[in-house]
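Below, each value reflects all heavy atoms present in this structure, side chains not excepted, and no hydrogens, waters or symmetry copies. Below, chains carry the letters A, B, ... as their sequence lines are ordered, and counting in each starts from 1.
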2 protein chains.
Amino acid sequence: MMTTVKRKPKSKHALAGEIAEAIKLGQFRSGEWLRQIDIEQKFAATRFDVRTALDELVVRKAIEHVPNRGYRVAEIDRETLRHIRSVRIVIETSAATAIVSGMTPATLSTLRGLAEEFGVAVREGTRADQSRVNAEFHEVMYHLSGNPVLEELIWNLRDRGRGSNVTVWASHESLLCSDRDHHAMLEAIEKRDIARLSQLIAAHILKDAPEREPGGL
Amino acid sequence: MMTTVKRKPKSKHALAGEIAEAIKLGQFRSGEWLRQIDIEQKFAATRFDVRTALDELVVRKAIEHVPNRGYRVAEIDRETLRHIRSVRIVIETSAATAIVSGMTPATLSTLRGLAEEFGVAVREGTRADQSRVNAEFHEVMYHLSGNPVLEELIWNLRDRGRGSNVTVWASHESLLCSDRDHHAMLEAIEKRDIARLSQLIAAHILKDAPEREPGGL
DNA sequence: GGCTATTAAATTGGCGCCAATTATGTTGCA
DNA sequence: TGCAACATAATTGGCGCCAATTTAATAGCC
């Protein structure tokens, strides 16, 4: 049981991050109501901080607000999900060029380490571990683009697409696939093969939440 | 019912929109402190609503918050501006294909009307008029993409880039240039010339806030 | 018995007070 | 005169109370 998380710094923004993280990790189901009392107990925060954090998450599109009803985890329909993925492909593949040109031996070895670490996490780590290492890998990679705005956008869109694919991601198949993708990306970066990297990124995104629909994008 | 100041909406979100609009229109200068008392008088809102709205704008990156100092209009440095424009080009040009394929005679004539209207606004309208018509033109155009997520993203990035280029935009030269661009875009859409449309969009974005700094970075 | 009106409990959310902090103005001192 | 310490005014921001609204529980009615 992991109720009442211990946190000394009661920053509103930090609390929003905590809640967002919890949602990402699937601790709240899609469409589930987030009662203020529950949240304030679970995260050991005051009522006001909870409301502020929840408001922030509404702006960030992580949850939605219904007047006089409260806040609930946003349900993203298939179509929106497709739109998000479509935009993600455009944005993330656009980073490929900058990633390759920004590549250095140091970051390359960092990436290699993280790719290995992810492989380990897939086999013997918790879901949170996998999520964290995976995020770190992509963070380092996209950081090479040298464009903070681009980076931030990528994370926003990734977060928005979460919720329904967590279960999918739980499949060991998908995890192994992600693992292979990471190594393939590394290889492409190393060989400065921009086209291949773009292709891998696009495929990676599509696999992130697969959908049997004819006609990509 | 509508006085010189704004209306009195009951929604906090609406107030945030009003303030954001005011910032876009240059009623607050870059780096200027937004004193809560001033805001609450200017927009006839309660202290609490002001703070909520301001918090929302912080999340939306329109303003920034300094603890115990207050809120101020975010100053975007040249580099960030460049990054934003870079991402804008990627995203907005990516919409070109969908725009062309989604084009219908009805929307085309709507666009033509708006392009004309913008031309009129440039000559004899207020700055607010110009801004509004211009926004409407691009809104209709990007709406053709059929991707709401993409649309929203475009607006977010546009808003973030505002602040320093309003003065530039005041230049009659730039306005006339925008006017020409609109008509050129129309033509490209009509001819289903995706490449040309992409090119025009990119150029339009670059012209939106040209680097005037000597030896610009 | 099933359905609806009424009442009670639970939850949300608007709003304001006042302590903490920062900015401003003033005085004393070298 | 310039600087620093202090006093005072202005501003921010944390927090809680309670009214408005929704949900449930219950009783009343057909």
Round to the nearest Å and state the distance from [X] atom [atom1] to [N] atom [atom2].
X	N	atom1	atom2	value
A:Leu54	C:dG14	CG	P	14 Å
A:Arg35	D:dA24	CZ	C1'	13 Å
A:Arg47	D:dA19	CZ	C1'	14 Å
A:Lys12	D:dT12	NZ	P	15 Å
A:Asp55	C:dT12	CG	C1'	12 Å
B:Leu34	D:dT11	CG	P	14 Å
B:Phe48	D:dG13	CZ	C1'	11 Å
A:Trp33	D:dA24	CH2	P	12 Å

Task: Nucleotide of D:dT11, D:dG13, C:dG13 approaching B:Ile37 most closely (side-chain heavy atoms) - done: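 Of all the options, the side chain of B:Ile37 is nearest to D:dT11.
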Salt bridge present between [X] and [Y] (N-O < 4.0 angstrom):
X	Y	result
B:Arg160	A:Glu152	yes
B:Lys12	A:Asp55	no
A:Glu64	A:Arg72	yes

Task: Position toward the 5' end of DNA chain D (nearest nucleotide), A:Arg51 or A:Asn68 - done: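 Closer to the 5' end of DNA chain D: A:Arg51.
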Open item on the list: Quick check: on DNA chain C, is the nucleotide nearest B:Arg69 upstream (toward 5') of the one nearest A:Pro67, or the reverse? Name the residue that is more 5'.
Closed with: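 Result of the comparison: A:Pro67.
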Open item on the list: Base, sugar-phosphate or nothing for A:Val66? Non-hydrogen atoms, less than 4.0 Å.
Closed with: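 Contact class for A:Val66: sugar-phosphate only.
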Task: Side-chain N or O of A:His65 closer than 4.0 Å to phosphate OP1/OP2 of C:dT12 - done: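 No, outside the criterion.
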- [ ] Would you mind reporting whether B:His204 and B:Ser178 have side-chain heavy atoms less than 4.5 Å apart?
- [x]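 Yes, at least one pair of side-chain atoms sits under 4.5 Å.
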